Q: 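Sharing a structure with you now.
Counting starts at 1 for both ligands and their atoms, in listed order. All of these numbers come straight from a predicted model, not from anything done at the bench. The figures here come from the full heavy-atom set of this structure, side chains too, leaving out hydrogens, waters and symmetry mates.
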Amino acid sequence: MQIHILTLFPEMFQGPFNTGIFQRAIDRKLVRVSIHNIRDYTHDKHHTADDYAYGGGAGMVLKPEPIFEAVESLKSEIQGEEGVGALPIILLTPKGRLFSQEIGGELSKYSHLILICGHYEGIDERVHQHLVTDEISIGDYVLSGGELAAMVVVDAVVRLLPGVLGSEVSAVDDSHATGLLEYPQYTRPAEYRGWSVPEVLLSGNHSQIAKWRREQSILRTLERRPELLDKASLSSEERKLVDRLKGEA
Ligand code: ADE
């Protein structure tokens, strides 16, 4: 997968993609990330990327021309390559649809992504209307720009690419992958400061362990994110358990 990120602050991307799982994915050529400075697509001597809002009001608005030019230049480069299908052009903005594991999974299927980081008071509406194909928010709060949101989306997508995690099963049990929060994990020592690892995990009985983990996932989700249970795929027995626990609460 090749990911292009358009930003006014390329220097922000220096740390996160050079560590751990991400660096390994880059080294193994499973993903390429290219950072493009929006200012490189301006034509005046001050490299102006923003301007005052028509109609007045505080704050600056990102101008449409450099963003259109940057995206169009990348698009023609990408679409010249072989076997390129649909090309999502995604704007990171608090006005977008809420990002989720499911959307991460959708995005992981594309060969290329273009992400645009918004800034200031916003972006000229013509970018929303005539350039981007998708708008994503990472949560109901306002960041000072789309960069951190882009890093979040890229991280969540890259770890879903085949071969990126040590084994293909590693992402299967993740919180949200099943529609539930993940069960508790333990490692050695079996007892620490008087706190013991649950007996069942030491039993070697794989079906009992799987059953315990599933129950823990359901309980934890019920406690912390009960709204997720409405959409989670549960067996009829598990549904009954949830209804009973809800009744008791
Ligand atoms: N830019 C500013 N806030 C944002 C958010 N919550 N999600 C995505 N992009 C943003």
Q: Is it true that the side chains of Glu147 and Thr7 contain a donor and an acceptor less than 3.5 Å apart?
A: yes
Q: Are any non-hydrogen side-chain atoms of Ile114 and Val132 less than 4.5 angstrom apart?
A: no
Q: By number and element, which atoms of ligand 1 are closer than 4.0 Å to a non-hydrogen atom of Leu143?
A: 2 (C), 3 (N), 4 (C)
Q: Which of the numbered atoms in ligand 1 are under 4.0 angstrom from any heavy atom belonging to Ile136?
A: 8 (C)
Q: In the protein, which heavy atom is nearest to atom 6 (N) of ligand 1, and how far is it?
A: Tyr141 O, 2.8 Å
Q: Run the contact test for Gly118 against ligand 1 with a 4.0 Å cut-off on heavy atoms, strictly below, and give the result.
A: no
Q: For Arg213, enumerate each residue passing the salt bridge (charged side-chain N to carboxylate O under 4.0 Å, His left out) test, keeping only those at least two apart in sequence or located in another chain.
A: none
Q: Look only at interatomic distance and state if Gly139 has a nitrogen or oxygen under 3.5 Å from any nitrogen or oxygen of ligand 1.
A: yes
Q: Which residue and atom name correspond to the protein heavy atom nearest atom 9 (N) of ligand 1, and how close is it?
A: Thr93 N, 3.2 Å
Q: Identify, by atom number and element, the atoms of ligand 1 in contact range of Gly145, meaning under 4.0 Å from any of its heavy atoms.
A: 1 (N), 2 (C)
Q: How about Phe13 and Val33: do any of their side-chain heavy atoms sit closer than 4.5 Å?
A: no
Q: Go through the side-chain N and O atoms of Glu65 and His43 and say whether any donor and acceptor fall under 3.5 Å apart.
A: no
Q: Say whether Ser144, considering both its backbone and side-chain N or O atoms, lies within less than 3.5 Å of an N or O atom on ligand 1.
A: no
Q: Quick test: of every protein heavy atom, which one is nearest to atom 10 (C) of ligand 1, and how far off is it to 0.1 Å?
A: Pro94 CD, 3.5 Å
Q: So, Lys240 side chain and Ser236 main chain: donor-acceptor pair closer than 3.5 Å or not?
A: no
Q: Step by step, work out the side chain to side chain contact (heavy atoms under 4.5 Å, CB included) result for Glu77 and His112.
A: CA-CA 11 Å; Glu77 203 180 288; His112 295 73; over 6 Å; no
Q: Report the nearest protein non-hydrogen atom to atom 7 (N) of ligand 1: residue, atom name, distance rounded to 0.1 Å.
A: Ile138 N, 3.0 Å
